[in-house]
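Here's the structure we're looking at; comments come further down.
A note on names: the letters A, B, ... follow the listed sequences, proteins ahead of strands, and every chain is numbered from 1. Values in this document were obtained by computation on a predicted structure and should not be read as measured data.
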Amino acid sequence: MGYFKPDPSSKNSAYSIVIPPPNVTGSLHMGHALNAVLQDVLIRWKRMSGHKVLWVPGTDHAGIATQNVVEKQLASEDPMFRTAMNEAKNKNIKEKQFLSQELYRYKIGREAFIEKVWKWKAEYGGKIIHQLKRLGASCDWSRERFTLDEGLSKAVKEVFVRLYEEGLIYRDNRLINWCPRCHTALSDLEVEHEELEGKLTYIKYQLTSPVSSLSKGGIDEGYITVATTRPETMLGDTAVAVHPDDSRYKDFIGKTVDLPLTKRKIPIISDNTVDPLFGTGAVKVTPAHDFNDETIAKRKSPPLEFITVIGKDGRMTETAGSRYAGKDRFECRKIVLEDLKEQDLLEKEEKYKYSIGHCYRCKTSIEPLITLQWYVNVKPLAREAIRVVRERQIRIIPKGWENTYFAWMENIRDWCISRQIWWGHRIPAWYCQEMKSEECRRKSGVIVSRVTPQKCPYCSSEKLVQDEDVLDTWFSSALWPFSTLGWPDETDDLKTFYPTTVLVTGFDIIFFWVARMIMMGLKFMGDVPFRDVYIHALVRDIKGQKMSKSKGNVVDPLTMMDRYGTDAFRFTLAAFAAQGRDVKFSEERVEGYRHFVNKLWNAARFIMMNIETNKNQKEIAERGVEALNLSSRWILSRLATATDNINKALEEYRFNDAASEIYQFIWHEFCDWYIEMAKSDIKNPNLEMSVLRCLLYTLDNSLRLLHPFMPYVTEEIWQKIPHVRRDGEEIQDTIMISEYPKSLSRDHQAEENMSYIIDAVLGIRTIRGELNVPPSAELNVSIKSYSRKAEEILKENMKYLKKLSNSADITIGMEIDKPEGSATCVKSSMEIYVFLKGVLNIEAEVSRLRKAEKEIEDSISLLNKKLLDEDFIMRAPKEVVEKEKAKYEELLRRKERILESIKKLKEVGGEK
RNA sequence: GGGCGAUUAGCUCAGUGGUAGAGCGCUUCCUUCACACGGAAGAGGUCGCAGGUUCGAUACCUGCAUCGCCCACCA
């Protein structure tokens with residue numbers, strides 16, 4: 001137990017990851033699964049490689065998201081509220097509207113509500129943690145954190161106070177994105193822009209006095225027409241703007257119009273940002289409900305008036321006029337249009353595509369509103385954050401994402417951090433209600449403090465009120481890499497594990513999270529929060545669409561685990577995780593890897609079976625590996641290669657390469673060749689012990705190589721097998737902390753020698769397969785080798801050849817002639833003749849050879865063309881030319897052999 | 001309006017400046033004592049289109065097409 005905890009006494013170098021904390025309300029989805037699996041692969045690999053490893057788990061309180069979820073649930077459980085809702089429905093009021101007006105939380109009050117959310121969290125909040133555990137995530141669960149923990153809250157307050165004291169946090173009254181449903185401000189990032197088919201409405205504004213100089217290109221000088229997508233906001237217009245150089249409107253500037261449906265007169269002004277080509281070239285200016293108009297208004301001197309006509313609930317305010325007050329903004333739009341029509345001020349409506357902002361949590365269209373909010377001036381922090389990535393103190397992998405990061409960071413705007421919700425870190429600011437002193441008034445009575453102040457430090461008033469708002473969830477997430485390690489206290493964890501080694505996350509939160517962690521880490525720790533950022537793909541459905549509940553295309557990771565097992569599922573995710581591309585999830589792939597689990601299991605079973613029946617069981621494990629035969633030397637060499645490739649791939653975050661390497665090795669080298677060959681060796685008393693040992697050793701190493709990907713099955717098998725000791729290595733009682741295989745030396749001689757055997761076997765099998773020779777037919781084979789060495793090796797390994805190719809008799813030599821009536825296969829180091837005891841179908845064999853010849857011929861003509869090309873001979877590198885020449889010659893030789901075979905066969909056929 | 005990515009076997013995806021690979025699916029053969037969730041042998045691709053660089057391009061460059069993302073205050 002306790003294997004997931006870092007060993008405090010370890011002197012080894014630290015390797016640490018903080019998990020991207022999922023929402024407490026969350027349930028494991030594909031994105032989480034991929035994210036967690038990749039981290040776990042790294043963590044298990046590094047832990048086995050001897051590092052002092054820490055993976056910090058935790059969850060995020062996810063302010064708005066959680067509040068919405070819990071609020072909805074609480075509301076539906078409350079009978080009183082349900083009745084009210086039904087009544088509302090009967091009165092044909094949309095639920096959404098109703099909720100926006102009468103949010104449940106306001107009914108029960110702040111304290112009661114917060115209490116209920118905590119209760120809810122205690123009951124259901126552990127769900128995703130359990131699911132992560134089920135996935136096999138080897139986090140140090142004793143260090144699990146929650147973004148609203150006491151410790152993390154302390155960190156949040158510390159950061160807020162310090163940034164405030166440095167003037168980087170300030171309060172301002174300006175236009176912000178407001179969600180009328182969630183009833184809170186949102187940062188720019190939390191607004192999703194979505195294009196929709198809408199209408200562009202042309203409204204005539206009547207001039208107070210006519211323009212004297214006339215007839216400007218068909219423009220009716222009695223009116224000025226504006227085009228808008230939001231007619232209802234006209235009630236808050238405080239100007240009409242045209243481009244200063246627009247000749248059509250030159251004489252209009254400075255005049256006033258009667259704002260329809262109101263009694264106000266508003267000026268016609270000029271502004272450079274107006275596009276004369278769009279609409280009529282005249283635009284209505286609504287500073288209180290449009291970001292663009294706000295800048296226009298503030299640019300003027302004196303600034304234009306701000307008139308708010310839409311309230312926080314998305315309904316028209318009293319200012320909009322009694323006819324409209326209280327109406328929902330979209331309902332009001334209809335009424336305004338009708339009213340305009342009636343007064344003949346509605347010129348026309350055009351279809352028009354435009355994008356509109358929506359709340360990223362509830363999809364309600366956002367309303368720009370003037371409110372007083374807290375902001376972080378992030379520009380100075382961003383500068384540093386850009387620098388560390390430019391200077392490669394942080395590597396973003398794949399590199400392509402760096403551009404995205406820079407682009408955003410360089411255009412970063414101040415971050416609105418206050419939220420008008422209740423679930424979150426309350427802003428540590430208090431307001432003096434009395435402001436009795438000059439100093440207090442100068443500070444607007446604002447007190448920012450780490451602890452709750454008893455009295456005003458400026459005027460000693462005891463009438464203090466805490467700010468009602470809470471902080472953006474991402475504010476606390478930004479501190480995650482150090483707040484989870486104990487900051488602001490100077491803890492050992494912080495010393496040992498900060499900066500963390502790598503952050504593994506999806507690209508969708510590069511701005512929300514990654515960028516902000518970098519800024520905060522640099523600011524408060526004076527160092528980057530992580531060395532590497534590995535950005536993985538998004539998991540999509542098989543058609544490449546984003547998985548979403550509304551589309552109904554969600555694949556549930558838990559279902560996958562139930563159906564195919566956690567190991568197969570994990571392996572699939574890793575195998576899919578190629579850099580720079582999204583994952584289109586395919587269930588068939590998972591099924592394929594389940595077969596792999598089965599294959600491994602059976603291979604292990606076979607090996608164990610043979611060890612258990614062995615008289616000298618103990619001895620097998622106690623001595624080290626000694627490769628006494630070719631196949632053993634070969635598999636150890638292949639193991640060395642696989643080990644190298646896997647370690648290298650993981651080092652470079654090429655998870656898919658690592659996965660396919662281990663798959664290939666276990667299945668197609670270890671199982672297909674070595675185990676098959678071992679079947680005869682273990683019957684040979686001279687080899688029995690060494691081969692069993694080598695089988696066990698290779699299995700052991702395969703399990704360890706595979707363990708980070710498939711922790712369950714590898715552990716289970718590992719527990720069942722005896723372990724071959726390697727130079728004084730300590731045998732652990734779990735594979736989790738056994739040593740990850742390190743590079744061993746390769747045996748090129750063995751690999752070359754083995755290739756003769758493989759060639760011979762494949763050659764015989766090809767003939768058998770292509771001629772459809774039944775396995776009952778035992779073959780007589782002659783092999784003409786092209787070298788003494790090949791001859792020697794083949795002779796020495798006769799028994800393998802016979803067994804793997806199911807041949808009765810094999811003759812090998814350099815001087816062998818093709819027996820009459822035999823089939824031929826030509827390899828680079830030998831020719832293989834299979835004699836079929838007179839059953840050879842000559843026609844079939846001839847056509848088979850013709851096909852082989854044609855293939856070779858195609859290659860030859862290609863190569864021929866190349867080698868005749870003087871430019872190629874002159875300009876291509878020497879090695880390449882030599883290689884091509886050698887290839888060419890070999891192909892010629894093979895072609896000749898095949899033609900000869902065909903000739904002979906024809907002779908035989910002709911005689912008959 | 002900017003930026004990014006994708007386009008390779010029927011499907012899902014790797015990949016490389018020197019005549020293309022995997023898994024699944026498909027065809028044929030095989031229940032031989034680890035495994036039919038298996039074994040063996042096959043079929044299947046002018047690597048989106050058009051130019052260019054190069055002795056040589058699927059790979060590098062440019063343009064185009066299709067699809068998909070991200071960013072953006074054109075009402």
Worksheet item: Which dot-bracket string fits RNA chain B when only Watson-Crick or G-U wobble pairs with both atom distances under 3.5 Å count, crossing pairs get [ ], and | stands for a partner on a different strand?
Response: (((((((..((((....[..)))).(((((.......))))).....(((((..]....))))))))))))....
Tell me which residues in [range] lie within less than 4.0 Å of RNA chain B, going by non-hydrogen atoms.
range	result
residues 855-869 of chain A	S859(A), L862(A), K866(A), D869(A)
residues 560-574 of chain A	none
residues 226-237 of chain A	A227(A), T228(A), T229(A)

Item to complete: Could I get the full list of ring pair (Phe, Tyr, Trp, His ring centres under 6.0 Å) partners for W601(A), not counting sequence neighbours?
Response: none
Fill in: Sequence-distant partners of Y593(A), ring pair (Phe, Tyr, Trp, His ring centres under 6.0 Å), two or more places apart
F571(A), Y663(A)
Go through the structure and list residues passing side chain to side chain donor-acceptor pair (under 3.5 Å) with [X], not counting sequence neighbours.
X	value
S631(A)	N629(A)
T766(A)	none
D759(A)	none
R848(A)	E770(A), E845(A)

Fill in: Pairs where residues 279-291 of chain A contributes a residue and the test salt bridge (charged side-chain N to carboxylate O under 4.0 Å, His left out) is met, not counting sequence neighbours
D237(A)-K284(A)
Response to the item:
Nucleotide by nucleotide, nucleotides 33-41 of chain B touches protein heavy atoms under 4.0 Å in the pattern (B base, S sugar-phosphate only, - none) -BB-BSSSS
